[in-house]
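The structure under discussion appears below in the form of structure tokens.
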Amino acid sequence: MIKVKIQNPDVDRNRPTFYPFIRYRNLLRDYSIDITESDDFDYLFVGMHDFINKKIPLRDSINYGLENLSKISGDYFLFDGSDSTSLMGAYEVFKESNAVYLFKNQKLKNKEDYKVPYAFNKFFFGDGSDIDLSYNITDDEWSRIKFSHINLGFWMDNDYSRHMPVSKNKDVDLCAIFSGLHAENRCHGIRDDLPYTKHRKGLWDKLEPLKEKYKMITKKLPFNEYINNLHNSKISLSPYGQGEFCFRDLESMVAGTLILKPSHEMVDTLPNLMIDDETFIACKHDWSDLEEKIEYILSNFEILNKDINYKIREVFKNNFNGDKFCKYYYNMFANLSGVETE
């Protein structure tokens, strides 16, 4: 039995990061993994609260993380619980520390793409900020940056398996209920709400001249009304947020509504629900082909409504479950040298 202790599991961002380990605690024991609160453990899981502080300058945050990790004796893993492919703040600490692995919810498919400098290391934010970051990741480091097998599909107690029937008769063309403007927010002292707003406002700008052509809902609604209107819509427009995979994607799946959003071609996660033109319809990040994609969906709505809604639900059902989660960590530990999993 492998004994794992989670450091500060209920503090800040650590709570959603480590929630699945608590949720599947009993099941993990069937896979020879014991989540323990004892100081008698084999491995320590360290969440981002204990090695990243986004309220202070980046270099100070790195020093904060390294200082905390220097106090740990024994083997430990880092968990960056952020919801984007960005390695900002986590990679620097990982590289300079003795961590066995760095776990990410999602990352870029190709490590070479990390060599391109982007604002906050988010490719969809573009460049030109006061904190454009790029990383030249070695093969060894890349092999030790693992998927956490945790993303929004495992978020707290939400049950995304309770699907509404897929309606064939929908009265609304587009559901475009999302915030276009982000309140002022600073990450390591630099405003990260500006590129967020630029991306989403870009969609609003494209939609404005189309309001006469399509029936769309844009007004914010109470959640239950929102879900009912989403269910009655042919297309759900889902821009990126601070990360690429969004709650709106899961809500649209539950409502049986086709998702139109920027491509996930560069993005990888596990489990991967968002597969271009299989589980959603992909468009360009700058929205330049938005109307073309809307017309494509509406012209082929009957078959897409059936096939894509079936596919995304099938992928979710087969991959977002406790056994897949537990088996992933069983295999991860089994591949570590010197570990006995039986």
Side-chain angles (χ1 to χ4, degrees), residues 1-54 61 64-83 89-91 93-107 141 143-161 269-271 319-342:
M1 186 74 72
I2 300 164
K3 296 180 181 180
V4 174
K5 183 175 182 178
I6 300 173
Q7 182 167 290
N8 297 321
D10 294 320
V11 180
D12 296 336
R13 189 69 186 188
N14 286 5
R15 185 167 179 262
T17 297
F18 294 124
Y19 171 75
F21 292 98
I22 306 305
R23 178 182 181 183
Y24 298 122
R25 188 172 191 166
N26 292 333
L27 185 58
L28 280 163
R29 291 192 182 98
D30 294 338
Y31 288 82
S32 302
I33 300 170
D34 181 30
I35 304 299
T36 181
E37 295 168 6
S38 167
D39 287 332
D40 176 22
F41 58 85
D42 300 304
Y43 297 97
L44 183 68
F45 285 3
V46 182
M48 60 190 298
H49 168 78
D50 295 297
F51 70 95
I52 297 175
N53 185 348
K54 295 184 178 182
S61 173
Y64 158 83
L66 291 172
E67 182 179 355
N68 285 347
L69 297 179
S70 69
K71 301 172 184 176
I72 298 174
S73 59
D75 293 327
Y76 60 89
F77 304 101
L78 302 180
F79 282 76
D80 175 0
S82 57
D83 294 321
Y91 172 74
V93 173
F94 168 63
K95 184 176 182 178
E96 297 182 41
S97 74
N98 295 319
V100 179
Y101 292 144
L102 168 64
F103 287 93
K104 283 284 298 176
N105 291 356
Q106 47 206 49
K107 61 182 182 177
E141 290 165 349
S143 71
R144 293 188 295 118
I145 300 176
K146 303 290 189 180
F147 289 119
S148 65
H149 205 290
I150 301 166
N151 53 41
L152 297 184
F154 288 96
W155 190 264
M156 309 306 279
D157 288 318
N158 290 345
D159 184 359
Y160 292 111
S161 64
T269 185
L270 188 72
N319 295 281
F320 287 80
N321 59 68
D323 282 307
K324 286 288 180 73
F325 175 82
C326 295
K327 188 173 182 180
Y328 174 78
Y329 279 93
Y330 171 87
N331 290 333
M332 186 273 295
F333 280 117
N335 288 324
L336 283 173
S337 60
V339 173
E340 295 183 6
T341 54
E342 296 297 337

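No experiment lies behind these values; they were computed from the predicted model shown. Just so you know, residue 1 is the first one in the sequence shown, and it goes up from there.
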| task | Kindly compute the distance separating NZ (Lys104) from CG (Asp83), expressed to the nearest 0.5 Å. | result | 8.5 Å
| Ion pair Arg25/Glu37, N-O distance below 4.0 Å | yes
| remark: So CE of Met48 and NZ of Lys54: to nearest 0.5 Å the spacing works out to 4.0 Å
| task | Evaluate the criterion side-chain contact (heavy atoms from CB on, under 4.5 Å) for residue pair Ile72 and Gln7; output intermediate values, then yes/no. | result | CA-CA 11 Å; Ile72 298 174; Gln7 182 167 290; 4.3 Å; yes
| message | I want to know whether Phe51 and Phe94 have ring centres closer than 6.0 Å. | response | no
| Atom of Arg13, atom of Gly81 and distance for their closest heavy-atom approach | NH2-O, 2.9 Å
| said: Determine whether Leu27 and Asp323 satisfy the following criterion, side-chain contact (heavy atoms from CB on, under 4.5 Å), listing intermediate values before the conclusion. | reply: CA-CA 8 Å; Leu27 185 58; Asp323 282 307; 3.9 Å; yes
| task | First locate atom CG of Leu270, then atom NZ of Lys146, and finally report the distance between them rounded to the nearest 0.5 Å. | result | 11.5 Å
| Short side-chain to backbone donor-acceptor contact, Ser148 and Phe103, under 3.5 Å | no
| Rounded distance (nearest 0.5 Å) linking atom CZ of Phe154 with atom CZ of Arg23 | 7.5 Å
| query | Are any non-hydrogen side-chain atoms of Val93 and Ile52 less than 4.5 angstrom apart? | reply | no
| Among Phe77, Tyr101, Tyr76, which one satisfies ring-ring contact (aromatic ring centres under 6.0 Å, His included) with Phe45? | Phe77
| said: Can a side-chain donor-acceptor contact be found between Ser82 and Asp80 if the only test is distance below 3.5 angstrom? | reply: yes
| Is a side-chain donor or acceptor of Asn151 paired with a backbone partner of Gly153 at a separation under 3.5 angstrom? | yes
| query | Roughly how far apart are Asp75 CG and Leu336 CG, rounded to 0.5 Å? | reply | 8.0 Å
| message | Apply side-chain contact (heavy atoms from CB on, under 4.5 Å) to residues Ile33 and Val4 and explain how you reach the verdict. | response | CA-CA 7 Å; Ile33 300 170; Val4 174; 4.2 Å; yes
| query | Centroid-to-centroid, Tyr329 to Phe21, below 6.0 Å? | reply | yes
| Lys327 to Tyr31 six-membered ring, cation-pi geometry met (6.0 Å, 45°) | no
| query | Is the closest basic N to carboxylate O distance between Lys3 and Asp42 below 4.0 Å? | reply | no
| Ignoring hydrogens and geometry, is there a side-chain-to-backbone donor-acceptor pair from Asp34 to Met1 under 3.5 Å? | no
| query | Any donor-acceptor pair under 3.5 Å linking the side chain of Tyr328 with the backbone of Phe147? | reply | yes
| query | Okay, side chain of Arg144, backbone of Val100: is any donor-acceptor separation there less than 3.5 Å? | reply | yes
| Distance from Leu28 atom CG to Cys326 atom SG, nearest 0.5 Å? | 3.5 Å
